[in-house]
Amino acid sequence: MSKSVGFCKRLGLKYPIIQAPMAGTSTVELATEITNNGGLGSLPISTINFTQSQGLIQLKSLIEKYNVLNKSITNLNFFCHEIVEGVTPTQIKNWFELYSKVLNVNVGDVSEDEYFKNGNISFKEYEHNEELIDYLTKELKPAVISFHFGYPSKETILKFQAAGIQIWVTSTSLQETEILGKLGVDGIVCQGFEAGGHRGNFITSKDFDENLSTLALFLKSKQYLHQHDLHDKIDLIPTGGIMDSKTVKFYLDSDASAVQVGTVFLTSPEITNNKSYLKSLLQSHDYKPTILIDIVSGKRARAIQTDFIKGLIKYNHPSDDLPPYGILYNAYRTLKSNKTLSTSLDIGFYLMGQNYFQTDLTLTSTKDIFQSLVKDL
Ligand SMILES: Cc1cc2nc3c(=O)[nH]c(=O)nc-3n(C[C@H](O)[C@H](O)[C@H](O)COP(=O)(O)O)c2cc1C
C-alpha cells in the first residue's frame with residue numbers, strides 16, 4: 001500500500017491534500033470547503049491568546065463555524081517559537097523612525113500600548129493550560145495538531161498522541177528533520193524555500209540555512225527516514241510551490257504521504273487577504289518577484305517585493321535593533337489598520353509562494369481549484 005493510501009485511511013480523507021493553515025488569510029469557511037471536498041482543512045490559531053480565558057472561547061466558536069460532518073477531521077495549527085520577553089524603548093524608537101522614513105509621514109503619534117503588545121503568543125507559553133489540553137484531548141480530538149517555528153515538550157506530544165492526535169512539525173532542513181525524527185513526531189511538513197508565508201525553521205542561528213527547495217528537502221528527509229528505519233513511522237508532507245496535479249502526483253508517487261498547499265488557494269472566494277492584489281498582478285501579467293523578508297514581522301516570510309518592502313530594505317539598518325517577532329508583527333498590523341494614516345504607499349504584506357504565477361484565474365471556486373489538484377491522481 002502506498003504511503004498516501006494508508007495516510008488517507010488513518011485520517012478519514014478521500015485525498016491526501018492538506019490545505020495550508022494561513023494565519024490572517026485562510027478562513028474557517030475555506031477549511032470547511034477543503035474538508036467537504038475530501039482533503040484536510042486546516043485552522044490556523046496562532047493569533048489566539050490562550051493565556052487568557054477568552055482564548056478557548058474563541059477556539060470553540062471557530063469550531064462551531066467549521067461546517068463539516070466530522071469536526072475532528074481538521075488540522076489545528078499553532079506557532080511554537082521562542083517566548084518573547086518584551087520590547088525596549090530603543091526598539092520602539094527604531095521602529096517609528098524606520099516606518100516614518102518608509103511611509104514619508106510621521107507615524108509617531110500612535111499609542112505605544114496598542115502597537116507594541118505581542119500578537120503571536122507561542123504555544124510554549126500556554127502548553128500547561130489544562131483546560132485547553134483537556135478540550136483538545138478529550139472533546140475535540142482533532143485528527144492533527146501541527147506546529148510551525150518549533151515543537152512543544154515531549155510530554156505534551158505524548159499526551160496528544162495518547163488521545164489519537166497526530167503531531168506534525170514543520171522542517172526546513174535536514175538537521176531539523178533529524179531532530180524531529182528523534183523526537184517521535186507523526187508527520188514532518190517539509191517546507192521548501194519556494195513556500196509562501198513564514199519560513200517555519202526552528203534552528204535560528206544566522207548563516208545556518210541551506211535554503212533547500214521543497215524537492216531537495218523532501219528527498220533528503222526521505223533518505224534520512226529510510227536510513228534510520230523511521231520510514232513507516234513518520235509521514236513526510238512536502239509543501240512549497242505545489243500548484244498543479246502533476247506535481248502533486250509526482251510527490252505522492254515518490255512516497256510522500258500527502259502534500260500541503262497554500263498559494264494555490266489564494267484566489268479562493270473564502271480567502272480574506274491577498275486575493276484582489278494577486279488577481280490584479282495576474283490580470284496585468286505583472287509577475288513581480290517574491291522575497292524572503294524579516295523586517296515586517298521579525299521572522300523571514302516570503303511575500304511580493306512591493307515598493308513598501310523595497311523601502312523597508314532600503315531604510316533599515318541591520319544593526320538597528322527592532323522589536324521581536326510577535327510584537328514587531330503586531331505593530332505592523334496595527335499600523336496597517338490605522339484608518340487615519342495618510343500615505344500613498346500600499347503597505348500590504350502580500351504573503352505568497354514563488355509559483356504564484358501558476359495560478360489559474362479561470363478556476364473561480366475552491367471546489368474547482370481542489371479538483372484541478374486531484375485530477376491526475
Ligand atoms: C498567506 C500565507 C500564510 C501562511 N500562514 C501559515 C501559518 O499560519 N501556519 C503555517 O504552518 N504555515 C503558514 N504558511 C505556510 C504554509 O503552511 C505552506 O508552507 C506554504 O503555503 C507552502 O507554499 P505555497 O504557498 O507555495 O503552497 C502560510 C503561507 C501563506 C502563503
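Residue numbers count from 1 along this sequence. Reckoned from all heavy atoms, side chains included, excluding hydrogens, waters and symmetry mates. Both counts, for ligands and for their atoms, begin at 1 and track the order of listing.
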| query | Which word best sums up how the rings of H226 and H231 line up, parallel for under 30°, tilted for 30 to 60°, or perpendicular for over 60°? | reply | parallel
| Hey, is NZ on K14 packed in by over 12 heavy atoms from elsewhere, all under 6.0 Å? | no
| Top protein contact for atom 4 (C) of ligand 1, by heavy-atom distance | M22 CA, 3.4 Å
| query | Do I73 and L30 belong together in a cluster built from hydrophobic side chains that touch within less than 4.5 Å? | reply | no
| request: Say whether N77, considering both its backbone and side-chain N or O atoms, lies within less than 3.5 Å of an N or O atom on ligand 1. | output: yes
| Does ligand 1 have an atom under 4.0 Å from some heavy atom of T170? | no
| query | F78 vs F50 aromatic rings, parallel, tilted or perpendicular, using cut-offs 30° and 60°? | reply | tilted
| query | Which atoms of ligand 1 are found less than 4.0 Å from any heavy atom of Q260? | reply | 17 (O)
| Which atoms of ligand 1 sit under 4.0 Å from any heavy atom of G197? | 28 (C), 29 (C), 30 (C), 31 (C)
| If you take all heavy atoms of T239 and V261, which pair is closest and at what distance? | OG1-N, 4.5 Å
| Heavy-atom gap T239 to ligand 1 smaller than 4.0 Å | yes
| request: Examine V261 against ligand 1 and note whether any of their N/O atoms are separated by less than 3.5 Å. | output: no
| task | Look only at interatomic distance and state if H148 has a nitrogen or oxygen under 3.5 Å from any nitrogen or oxygen of ligand 1. | result | yes
| query | Parallel, tilted or perpendicular for W95 and Y115, by the 30°/60° rule? | reply | perpendicular
| For atom 24 (P) of ligand 1, what's the nearest protein heavy atom and its distance? | T263 OG1, 3.5 Å
| Does S46 come within less than 4.0 angstrom of ligand 1, counting non-hydrogen atoms of the residue? | no
| query | Under 4.0 Å from any heavy atom of L351, which atoms of ligand 1 are there? | reply | 1 (C), 31 (C)
| Do the rings of Y325 and F149 sit parallel, tilted or perpendicular, given the 30° and 60° boundaries? | perpendicular
| query | Taking heavy atoms and a distance under 4.0 Å, where does Y356 meet ligand 1: side chain, backbone, both or neither? | reply | neither
| Spacing of K141 atom NZ and L136 atom CG [to the nearest 0.5 Å] | 12.0 Å
| Nearest neighbour in protein (non-hydrogen) for atom 21 (O) of ligand 1 | G262 CA, 3.6 Å
| said: Set out, in order, the CA-CA distance, both residues' side-chain angles and the distance that settles side chain to side chain contact (heavy atoms under 4.5 Å, CB included) for I347 and Y99, then state yes or no. | reply: CA-CA 10 Å; I347 64 164; Y99 271 79; 5.9 Å; no
| note | For Q191, the atoms of ligand 1 under 4.0 Å from one of its heavy atoms are 15 (C), 19 (O)
| By number and element, which atoms of ligand 1 are closer than 4.0 Å to a non-hydrogen atom of G240? | 22 (C), 23 (O), 26 (O)
| request: Please tell me if the side chains of W168 and V185 come closer than 4.5 Å, counting only heavy atoms from C-beta onward. | output: no
| field | For G241, the ligand 1 atoms whose distance to one of its heavy atoms is below 4.0 Å | value | 23 (O), 24 (P), 26 (O)
| Residue pair T177 / K220, side-chain heavy-atom distance below 4.5 Å | no
| query | So, does F147 sit close enough to ligand 1 that a heavy atom of it is under 4.0 Å from the ligand? | reply | no
| note | among protein heavy atoms, the one nearest atom 20 (C) of ligand 1 is G196 O, 3.5 Å
| message | I want to know if ligand 1 touches A23 in the polar sense, i.e. an N/O pair below 3.5 angstrom. | response | yes
| task | Using a 4.5 Å cut-off on heavy atoms from C-beta on, say whether the side chain of T366 contacts that of P269. | result | yes
| field | Protein heavy-atom partner closest to atom 13 (C) of ligand 1 - residue, atom, separation in Å | value | P21 O, 3.0 Å
| task | Could you find the nearest protein heavy atom to atom 16 (C) of ligand 1 and give me its residue, atom name and distance? | result | A20 CB, 3.6 Å
| request: In sequence, state the C-alpha distance, the side-chain angles, and the governing distance for F116 and F96, and then conclude on ring-ring contact (aromatic ring centres under 6.0 Å, His included). | output: CA-CA 11 Å; F116 297 101; F96 277 132; 5.7 Å; yes
